[in-house]
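Scroll down for the structure; my scribbles are underneath it.
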Amino acid sequence: MLRPGSKDGTAFGFRFDQKRSELSERADDVNSLLPPSRQAPSRSGDTLPVASYRHQILYLVEHHPTLILLGETGSGKTTQVPQYLLEAGWAARGYMIACTQPRRAAAASVAARVAEELGSTLGNDVGYSVRFDSCETKGATRLKYLTDGVLIREMMEDPLLTKYSVIMVDEAHERSLATDMLLGLLKKVQGRRPDLRLVISSATLQAEVLSSFFMPNAQKNGQANIHKGSVGPHVQPGCLGLPSNQNPAILSIEGRTYPVEIHYLTEPTSDYLQAAVTTVVDIHKADLPGDVLVFLTGQEECVGAVKLLDIEAEKLSRSSGYGLKMLPLPLYAGLPVQEQRMALAPAPRGHRKVTLSTNIAETSLTLEGVVYVVDCCFVKQRCYNPLLGLESLLIAPTSKASATQRAGRAGRVRPGMCFRLTTREAFEREQPVVTVPEMQRSDLTAMVLQLKALGIDNIMRFEWLAPPPAETMVRALENLHALGVLDDDAKLTKQVGLPLAELPLEPQLGRILLASSSCGEEAVTVAALKCVPHLWTASRGAHKAQDEARFKFAAAEGDLITSLNVWRAWLERGKDPKWCYRHFLNHSSLLKASEIQQQLVGYMKRIGLPLTSCSGDMDVVRKAIVQGMFVNAACFDRVDYNPLSSDSDPGINVYRLVRPLPLGHHGVRLRIHNSSVLFRSRPPCVVFASVQQTDDGWFEMQGVTAVLPEWLTEVAPHMYGRK
Ligand code: ADP
Ligand code: MG
């Protein structure tokens with residue numbers, strides 16, 4: 001066991017380059033180190049750093065159209081500032097306060113927390129709204145947490161967002177696609193609604209970019225008002241009066257943070273998951289107080305690591321001597337609310353909580369009591385190649401700015417430690433300084449559709465916080481044109497464009513619904529099932545059993561039709577959770593899908609689309625799928641030698657995109673992802689819902705449907721001609 005003060009770092013299965021510091025020597029009872037908020041839930045958050053800025057914040061909101069609020073994660077921006085606004089009367093006379101979040105999970109959980117602090121029931125004074133799920137009461141809800149995407153959708157009905165007096169755009173540093181788009185739109189709204197106040201909060205220093213963006217165009221050379229100390233006496237806001245100063249104000253909240261010691265590996269590792277597990281066990285064996293937070297890249301990894309740590313915890317509990325019991329818990333966006341609460345709640349007495357989280361814990365959710373951070377230094381990121389027209393998820397190195405944020409999570413309670421699972425040299429060499437905004441690495445088809453629906457016709461002249469690449473915009477316009485959404489003048493078409501913009505779905509999926517005149521019932525189910533991630537449970541170590549379970553439902557037509565089979569079987573079994581468990585199906589995902597399905601049925605009725613069933617004729621459903629996904633069509637090309645080949649698995653079936661590609665891009669290689677039911681078969685022609693990129697340059701197709709090539713020419717002669 002590594003003892004405090006040990007000179008030898010080799011007690012760690014993975015060697016880290018620095019010796020433990022003297023801080024390790026204080027093995028106090030962790031509970032005495034915790035802030036009062038963790039010992040008993042504090043109602044008011046009065047002890048949070050933001051509390052001493054309350055008057056300044058209210059003063060600046062009243063006197064400036066835009067306030068840029070900077071402050072460390074955990075200082076109280078998200079939970080407290082909207083409450084200050086509420087108490088100061090910004091939600092009087094029927095107005096509301098909005099606080100946007102880039103993540104659905106954060107919106108719901110923060111709203112619950114704030115309702116609790118205010119002693120009210122969620123859905124009354126405080127509510128939330130995320131796609132397909134909202135909890136609010138018309139007329140009663142005065143503070144609403146919602147995703148940026150939902151606020152953008154609200155603009156379709158109320159372009160000036162007239163019911164809101166203040167809109168707080170939270171977590172702006174994340175630079176998510178929807179946040180950037182919302183900021184551009186809000187700037188336009190402000191031009192028409194000088195009474196609207198914006199609060200833009202950010203955990204990192206992006207103040208200059210943001211303040212120059214919100215500077216009135218006429219005064220672009222002006223100076224933002226930067227406030228560090230006190231401002232004039234606080235005046236009760238004359239709610240919805242006009243601001244006296246047109247420039248944005250910047251306020252920086254000084255947080256209370258402790259130093260965090262950073263450690264790097266001395267040798268690189270090829271398996272960061274195992275390295276993370278070993279590091280956690282070593283931290284635990286060192287028997288020092290404090291919780292551990294591990295950053296991994298996705299749900300599967302988090303669940304997998306919890307399983308591995310459960311085994312370790314079991315072993316450790318049998319060998320006596322360790323004061324605290326290890327309690328591994330996962331935390332990711334799709335986690336059911338109850339489990340998310342467990343991950344956020346303080347560890348039960350005598351336990352050390354080890355939270356295995358995606359980057360949702362980087363800034364969106366605050367975990368109290370963390371003293372150790374283990375950072376895999378990777379993140380799952382969208383990336384888009386406009387020339388290929390393929391957006392994929394890629395596990396990429398995090399930026400240095402992210403790594404700093406992650407490390408900071410260890411210094412909230414006392415001095416902490418952060419273990420980066422990479423070498424110092426690799427970190428310096430490979431991690432970019434900041435993360436590229438999502439706007440510059442995403443497929444913008446859905447966004448352009450929304451801008452068009454909001455009446456922004458000249459999207460090239462839209463004011464962007466960071467302009468997207470021109471090729472990406474062109475590709476988005478081409479896609480929309482091919483889908484029949486835009487006419488030759490780039491205006492929304494009546495038959496497809498206008499109804500598609502109403503559907504809360506990606507254009508591809510929405511298009512399937514519009515094409516489903518004789519299979520509406522199946523189409524809404526396919527779309528609803530596509531909207532819930534992880535229909536199948538992650539089951540590290542039980543792949544064979546899982547494959548067999550999946551095989552029972554497998555349809556030769558592909559994954560989307562297979563999901564329909566699952567759906568039908570689930571209904572036949574009376575939505576039995578035990579049946580789901582036996583078949584490796586995610587019961588909560590299926591329940592969610594059934595809620596979404598009901599909502600989509602509502603949309604279909606509103607738009608006037610029939611909800612007939614195809615009565616088992618799956619060709620009808622597949623043809624509707626082709627109408628939405630024809631852009632992503634691939635055909636079988638050849639078998640490549642597989643270095644790991646065996647008799648049962650002779651080689652890799654290589655596919656290529658059917659649509660014409662620019663010169664020099666014909667080498668792009670696709671294959672069917674091993675999670676697809678078509679993985680072992682070799683359909684000549686398929687369409688796919690998404691791709692994932694591998695380290696060695698493959699694009700792996702997911703959500704695959706086998707189709708006939710002639711359907712492509714039938715549906716999209718403009719793209720596929722007569723071949
Ligand atoms: P910021 O937005 O500045 O990062 P927050 O307002 O999210 O800060 O958090 C302030 C405090 O409230 C933190 O100490 C955090 O522990 C606590 N808190 C926030 N949300 C929750 C929650 N869902 N459950 C328990 N505590 C929470
Ligand atoms: Mg926050």
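Numbers for residues simply follow the sequence, beginning at 1. Excluded from the calculations below are hydrogen atoms, water molecules and symmetry mates; all remaining heavy atoms, backbone and side chain alike, are included. Read the numbers this way: they start at 1 and go in the same order the structure lists the ligands and their atoms.
- For G71, the heavy-atom gap to ligand 1 stays at 4.0 angstrom or more.
- Taking 4.0 Å as the cut-off, E171 does not count as a neighbour of ligand 1 on heavy-atom distance.
- Q190 contributes a side-chain N or O that, together with a main-chain N or O of P65, makes up a donor-acceptor pair within less than 3.5 Å.
- For the Mg ion (ligand 2), protein N/O/S neighbours under 2.8 Å (waters excluded) are T78 OG1.
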Next on the checklist: Determine whether E438 and S442 satisfy the following criterion, side-chain hydrogen bond (donor to acceptor under 3.5 Å, both in side chains), listing intermediate values before the conclusion.
Outcome noted: CA-CA 6 Å; E438 222 175 32; S442 303; 4.8 Å; no

Please set out all donor-acceptor pairs under 3.5 angstrom arising from side-chain atoms of residues 119-129, sequence neighbours excluded.
residue, atom, partner, partner atom, Å
Y128, OH, D133, OD2, 3.2

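- R409 has a carboxylate O that lies under 4.0 Å from a charged side-chain N of E72, or vice versa, which qualifies the two as a salt bridge.
- Residue contacts with ligand 1: T78 is placed with a nitrogen or oxygen under 3.5 Å of a nitrogen or oxygen of the ligand (distance criterion only).
- Residue R412 places a heavy atom under 4.0 Å from ligand 1.
- Residue L48 places no N or O, backbone or side chain, under 3.5 Å from any N or O of ligand 1.
- Polar contact check, K77 against ligand 1: a nitrogen or oxygen pair lies under 3.5 Å apart.
- Taking every heavy atom of S75 and a limit of under 4.0 angstrom, the matching atoms of ligand 1 come to 1 (P), 3 (O), 8 (O).
- Of all atoms in ligand 1, listed by their number and element, those nearer than 4.0 Å to a heavy atom of L344 are 23 (N).
- Of all heavy-atom pairs between S364 and A106, the closest is CB-CB, 4.1 Å.
- Note: an N/O pair closer than 3.5 Å links G76 and ligand 1 by distance alone.
- Geometrically, K187 engages F213 in a cation-pi contact, judged by NZ or CZ lying under 6.0 Å from the ring centre and within 45° of the ring axis.
- The distance between the ring centers of H55 and Y59 does not fall below 6.0 angstrom.
- Selection from V110, L367, T366, T363 by nearest heavy atom to atom 7 (O) of ligand 1 gives T366.
- Across E116, Q340, R113, heavy-atom proximity to atom 17 (C) of ligand 1 is greatest for R113.
- Remark: K77 pairs with no residue by the salt bridge (charged side-chain N to carboxylate O under 4.0 Å, His left out) rule, at least two apart or across chains.
- Taking the six-membered ring wherever Trp is involved, the centroid distance between the rings of Y264 and F427 falls below 6.0 Å.
- In this structure, T73 has a heavy atom closer than 4.0 Å to ligand 1.
- Where the criterion is an N or O separation shorter than 3.5 Å, residue side chain and backbone included, E368 meets it with respect to ligand 1.
- Considering all non-hydrogen atoms of both residues, S589 and H534 come closest at OG-O, 3.0 Å.
- Nearest to atom 19 (C) of ligand 1 by heavy atom, out of T79, T47, L365, is T79.
- In this structure, R412 pairs ionically with E368, as a charged nitrogen and a carboxylate oxygen lie closer than 4.0 Å.
- Applying the salt bridge (Lys or Arg N to Asp or Glu O under 4.0 Å) test to pairs two or more places apart or on separate chains, none has a residue in residues 328-339.
- For K400, the NZ atom sits in a packed shell: over 12 heavy atoms of surrounding residues, nucleotides or ligands are nearer than 6.0 Å.
- Residue contact check: E72 has heavy atoms under 4.0 Å from atoms 3 (O) of ligand 1.
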